[in-house]
Amino acid sequence: MTLKLIENLQKLGFTGNEAKVYSSLVCLKQAKASDIAESAGVPRPKIYGTLRGMEKKKAMSG
């Protein structure tokens, strides 16, 4: 993950955690919550809520 990518995603309306998770998923393509948490540096308990928020924003398809 690059800081610039996260900053740009935040300018588009992503929260900090959403930006980290999104950029991790772009690299991982598909992963378990624990893998996403580790890659993104977001606590695992926050992953599901973050993904739901992204889905509501239509940032990912369900």
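Quick caveat: nothing in here was measured; it's all calculated off a predicted structure.
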(request) Taking all heavy atoms of L28 and all of D35, pick out the closest pair and write down the distance. (result) CD1-O, 4.1 Å
(request) Of all the heavy-atom pairs spanning A33 and Y48, show the shortest one and how long it is. (result) CB-OH, 3.4 Å
(request) State the CG-CE distance between L9 and M54, to the nearest 0.5 angstrom. (result) 8.5 Å
(request) Of all the heavy-atom pairs spanning K46 and N17, show the shortest one and how long it is. (result) CD-ND2, 3.8 Å
(message) Does E38, at its CD atom, have more than 12 non-hydrogen atoms belonging to other residues, nucleotides or ligands within less than 6.0 Å?
(response) no
(request) Working to the nearest 0.5 Å, report the span between NZ of K11 and CD1 of I6. (result) 13.0 Å
(message) Could you report the tightest heavy-atom contact between A37 and P43, atom names first, then the distance?
(response) CB-C, 4.3 Å
(message) Nearest 0.5 Å, please: how far is CG in L12 from NZ in K57?
(response) 10.5 Å
(message) Could you measure the distance from the CG atom of L25 to the CD1 atom of I36? Nearest 0.5 Å is fine.
(response) 4.5 Å
(message) Using 0.5 Å steps for rounding, measure from the CZ atom of R52 to the CD atom of E18.
(response) 12.0 Å
(message) As an exercise, state the distance from SG of C27 to OH of Y22, rounded to the nearest 0.5 Å.
(response) 11.0 Å
